[in-house]
Chemist: 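Input: one structure, supplied below.
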Amino acid sequence: MQIPSRFEVKTLMEEHYDPCISLFMPVEQVGPETQQNPVRLRNQLREIEKQLEQHAQFASMKSELLKPLLKLPDNHELWLEPCQGLAIFRSLDQFHCYHLPERVKEQQVISSHFYLKPLLSFLANDGRFYVLALSQNEIRLLEGTRYTVQDVLLPEQVPESLAATLQYEQPEKELQYHSTGSGALVGKSGRHTLVFHGKGESDEAKEQLTRYFQQINHGLRELLHDETVPMVLAGVEYLTALYRKANTYPHLLENSLAGNPDELSPQELHQKTLPLVEPVLEQGQRQALAQYQENVGTEMASNNITLVVPAAHEGRIASLFIARDHEQWGRFNPLTEAMEVHETAMPGDDDLLERAATQCVLHGGAVYILNQPDAIGGQLAAAVFRY
């Protein structure tokens, strides 16, 4: 499933070229309704064509803009990918199609920038975390979200493997272990894996392991020094316990994934570690809402859209809350700070919630999508300000 990364979403946020076409649609995966997916996409494309025809300045671009889009309904591979929704973006110099793991409501927007609010949950509630997979043969660092996982390129200071670091001349005397010829325990280097019993090992062997883990921790320090996301260890209990003593990353979770991670793919590691970090991922939103409640009625928080939108453009928002599947139409000029709020969409309007959210993300703020806006006084947006 091709899910937009944080970098890709931020890149789309910065794209301003008139016109930018944004299209979202839910996708049915089972039953006879699946046959209606291409039909519904064609209907949306017809609506986009009508909207383009209503703008004289877009007439000369219409054919070029629509050419790749009109091929999508008949693209068999597009409908083979398991997903809950589609997000499609098209301008004269960009064309992106993403399969989404969550349903989105049917929308098509033509504007001077891409409409990205349906993707904000991947930035807001994606729940970033790290998995540090420790074994004798390999060290892996993975970055995950609720939906994705990918390997992180390790700094050169991080040792390649335990086997490369621990060069035992007389392993029988230094560490109690046994060598196995079973395929399941042969490392990627071709060496037979050393299996630590955990009892009776010499102090010297333990010191070697400790120094090894200190090297890993030191190598990761520069990479993670600005991070605040949780990290979970994956490895046999003996090794993870020793690593904890060397660790200085303050957001390492107490719970670990026990067992040899060498045989697990990134996707399997993601599936097994996500339940361990889920309670921590939810904690960020709870804390942000608590901070909002503490500051309601002061200059440090507001649920007034006429205050929230300008603050987002100025980079003053630390935490922004917006209601899911709602729009607030209007216009805002960041140069003059002139603002209009409309009950229904008028020609030239933006969704002010979407503009506030994208500006908040671009300025390093946190955005949270609320299913129920009761916590922010039933309003469509609220913010905690930095200053």
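Positions are given from 1 along the sequence.
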Chemist: Whether the N304 and T306 side chains hold a donor-acceptor pair (N or O, under 3.5 Å, no angle test) is what I'd like checked.
Modeler: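 Yes - a donor-acceptor pair under 3.5 Å links their side chains.
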Chemist: Output the distance between atom CD (Q267) and atom NE2 (H270), rounded to the nearest 0.5 Å.
Modeler: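 Here the interatomic distance stands at 9.0 Å.
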Chemist: Less than 4.0 Å between a side-chain N and a carboxylate O, is that true for K105 and E327?
Modeler: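 Between K105 and E327 there is a salt bridge, with a charged N closer than 4.0 Å to a carboxylate O.
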Chemist: So that I can tick it off, tell me whether E227 and R128 are bridged by a salt bridge, with the cut-off set at under 4.0 angstrom between side-chain N and carboxylate O.
Modeler: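 So R128 pairs with E227 through a salt bridge.
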Chemist: Please list, chain by chain and in numerical order, all residues satisfying ring-ring contact (aromatic ring centres under 6.0 Å, His included) with Y130, sequence neighbours excluded.
Modeler: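 With neighbours one apart ignored, the set is empty.
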Chemist: Between Y98 and F24, is the ring pair (Phe, Tyr, Trp, His ring centres under 6.0 Å) condition met? List the steps.
Modeler: CA-CA 10 Å; Y98 298 106; F24 300 89; 9.9 Å; no
Chemist: Side chains of N43 and R40: do they bring a donor and an acceptor to under 3.5 Å?
Modeler: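 Short answer, no.
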Chemist: Would you call R42 and D74 a salt bridge, using N to O less than 4.0 angstrom?
Modeler: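 Yes.
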Chemist: Taking atom types as modelled, is there a side-chain donor on N260 or S135 under 3.5 Å from an acceptor on the other?
Modeler: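 No donor-acceptor contact under 3.5 Å links the two side chains.
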Chemist: My understanding is that only residues two or more places apart in sequence, or in another chain, count here; which of them pass ring-ring contact (aromatic ring centres under 6.0 Å, His included) with Y115?
Modeler: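 Result, ring-ring contact (aromatic ring centres under 6.0 Å, His included) vs Y115: none returned.
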Chemist: What I want to find out is whether D151 reaches R140 closely enough, with some N-O distance under 4.0 Å, to be called a salt bridge.
Modeler: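 The answer is no: the pair does not qualify as a salt bridge.
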Chemist: Between L12 and Q94, does the side chain to side chain contact (heavy atoms under 4.5 Å, CB included) criterion hold? Intermediate values first, please.
Modeler: CA-CA 9 Å; L12 289 170; Q94 292 204 48; 3.9 Å; yes
Chemist: To the closest 0.5 Å, what do you measure between OG1 (T344) and NE2 (H342)?
Modeler: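 T344 OG1 to H342 NE2: 8.5 Å, rounded to 0.5 Å.
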Chemist: Do you reckon I369 sits in the same ILVMFWY cluster as L362, going by side-chain contacts under 4.5 Å, direct or chained?
Modeler: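 Cluster IDs for I369 and L362 match.
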